[in-house]
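First up is the structure itself, then whatever we jot down about it.
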Number of protein chains: 2
Amino acid sequence: MGKRKPTSTNTINRETLIDFCGMVYAVDILGGRWKLLILYKLEGRTLRFSELKKRLPNVSDRMLTLHLQELEKSGLVIRTVHAEVPARVEYHLSESARQLAPVWKQLEQWGLAHRDVMEKAGELSVAIQS
Amino acid sequence: MGKRKPTSTNTINRETLIDFCGMVYAVDILGGRWKLLILYKLEGRTLRFSELKKRLPNVSDRMLTLHLQELEKSGLVIRTVHAEVPARVEYHLSESARQLAPVWKQLEQWGLAHRDVMEKAGELSVAIQS
DNA sequence: TTTTGCGCTTACATTTTTGTGTGCTCCGCA
DNA sequence: TGCGGAGCACACAAAAATGTAAGCGCAAAA
């Protein structure tokens, strides 16, 4: 979002890991507050900025802009400006992003299941304590 | 890592999203600099702290400890302390984490493929410019 | 008998990066 | 004159990653 300091250990580690591991690279691309949701909302359809915004709970214009830009740079989202007045800008998923869809669905499944497991474990330990 | 300020918009958004979306929850758990690598290295085997450390490029003790603690809290990694001297501490994947393995492998595949796509796109645009 | 070392963790201080808030722009139309 | 769509610029707060140093329990070395 802001610029990175290219000499920081943080940046160096990040690059090293991205470099030798596809999944770190993947999560690096997907890991912003709104990215996954944006992709999810764009699945199977084209939306314009304002429509996308309505569908995301509590995003500010700024955040949406920023994350869309990054997704565009990462090649997941394609931005089309229609030269009308007022300008109309539409977003849709790239081929690559479409291929990612099954993966994030599994991630979703796993997430729900894991949350369940964790909640039960939580209840259990509460029960033991009492 | 540090504590979160519970009233910040950041925290509130995070919780909202985690709450209504399994994959955001999943990525929230998996999204630290070293988490995926740790899981990956622990796949199919048990390792102790120092062994793990050797296998990760350039991690500090501190980072490793922190991330392991979070993974433990998230229920992905199980920590076993052997009461010897000097203490021996071993880590292995939880059942939940094991179920995640196929997903992260796909993510890995996708990551590699996508990186390829992006690199080609990059070359192409360079070629066009020249 | 003091000193050293191992394997792992914690406390405290800092630096980087990420996420937000606010205000401003540009362009025609009503 | 004001509105709506789609942002951008600048300033700041919060969270994540890192660095440094110290601690602990006890055996083996000096």
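Chain letters run A, B, ... following the sequence lines, proteins first, then strands; residues in each count from 1.
In this structure, Leu17(A) places its CG atom 11 Å from P of dA17(D), rounding to the nearest Å. Atom-to-atom, CE of Met63(B) to C1' of dT20(D) comes out at 13 Å; the value is rounded to the nearest Å. For the pair Lys3(A) NZ and dA9(D) C1', the interatomic distance rounds to 11 Å; values are reported in whole Å. For Arg33(B) and dG19(D), the CZ to P distance is 12 Å, given to the nearest whole Å. One interatomic measurement links the two molecules: NE2 of His82(B) to P of dC26(D), which rounds to 18 Å at whole-angstrom precision. Nucleotide dC8(C) holds its P atom 14 Å from the CG atom of Leu56(B), rounded to whole Å. For Asp61(B) and dG7(C), the CG to C1' distance is 9 Å, given to the nearest whole Å. Taking atom CZ of residue Arg88(B) and atom P of nucleotide dT9(C), one finds them 13 Å apart after rounding to whole Å.
Contact check, Thr65(A) against dA6(D): no side-chain N or O comes under 4.0 Å of OP1 or OP2. The shortest distance between the side-chain N/O atoms of Ser60(A) and the OP1/OP2 oxygens of dG19(C) is not below 4.0 Å. Within the structure, a side-chain polar atom (N or O) of Arg48(B) is placed less than 4.0 Å from OP1 or OP2 of dC8(C). Proximity of Thr11(A) to the phosphate of dT17(C): a side-chain N or O atom is located under 4.0 Å from OP1 or OP2. The shortest distance between the side-chain N/O atoms of Gln69(A) and the OP1/OP2 oxygens of dG7(D) is not below 4.0 Å. Contact check, Asn10(B) against dA13(D): no side-chain N or O comes under 4.0 Å of OP1 or OP2. One finds no side-chain N or O of Arg14(B) lying less than 4.0 angstrom from the OP1 or OP2 phosphate oxygen of dA16(D). OP1 or OP2 of dA16(D) has not a single side-chain nitrogen or oxygen of His67(B) nearer than 4.0 Å. Between dG7(D) and Tyr91(A), a contact under 4.0 Å exists linking OP1 or OP2 to a side-chain N or O. Using a 4.0 Å cut-off, no side-chain N or O of Trp34(B) falls inside it from OP1 or OP2 of dA16(D). Arg4(B) has a side-chain polar atom (N or O) that falls below the 4.0 Å cut-off from OP1 or OP2 of dA16(D). Within the 4.0 Å cut-off from OP1 or OP2 of dA15(D), at least one side-chain nitrogen or oxygen of Ser8(B) is found. OP1 or OP2 of dG21(C) lies within a sub-4.0 Å distance of a side-chain N or O belonging to Thr9(B).
Residue whose closest nucleotide on DNA chain C sits further toward the 5' end, between Arg62(B) and Ala87(B): Ala87(B). Map Val85(B) and Phe49(A) each onto its nearest nucleotide of DNA chain D; the residue landing nearer the 5' end is Phe49(A).
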Q) Going through the distances and angles, do Glu51(A) and Lys53(A) end up as a salt bridge (Lys or Arg N to Asp or Glu O under 4.0 Å)? A) CA-CA 5 Å; Glu51(A) 293 170 322; Lys53(A) 179 169 169 166; over 6 Å; no
Q: Applying salt bridge (Lys or Arg N to Asp or Glu O under 4.0 Å), run through Arg98(B) and Glu95(B) and close with a yes or a no.
A: CA-CA 5 Å; Arg98(B) 252 173 272 139; Glu95(B) 180 52 30; 2.9 Å; yes
**Q.** Audit row: Lys105(B), Glu43(B), salt bridge (Lys or Arg N to Asp or Glu O under 4.0 Å) steps and yes/no
**A.** CA-CA 11 Å; Lys105(B) 280 178 187 160; Glu43(B) 202 196 337; 2.8 Å; yes
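Looking at Tyr40(B) and Met23(A), their side chains come closer than 4.5 Å, going by heavy atoms from C-beta outward. A heavy-atom distance below 4.5 Å is not found between the side chains of Ile38(A) and Leu76(A).
The two residues Thr7(B) and Ile12(B) come nearest to each other via the heavy atoms O-CD1, 3.7 Å.
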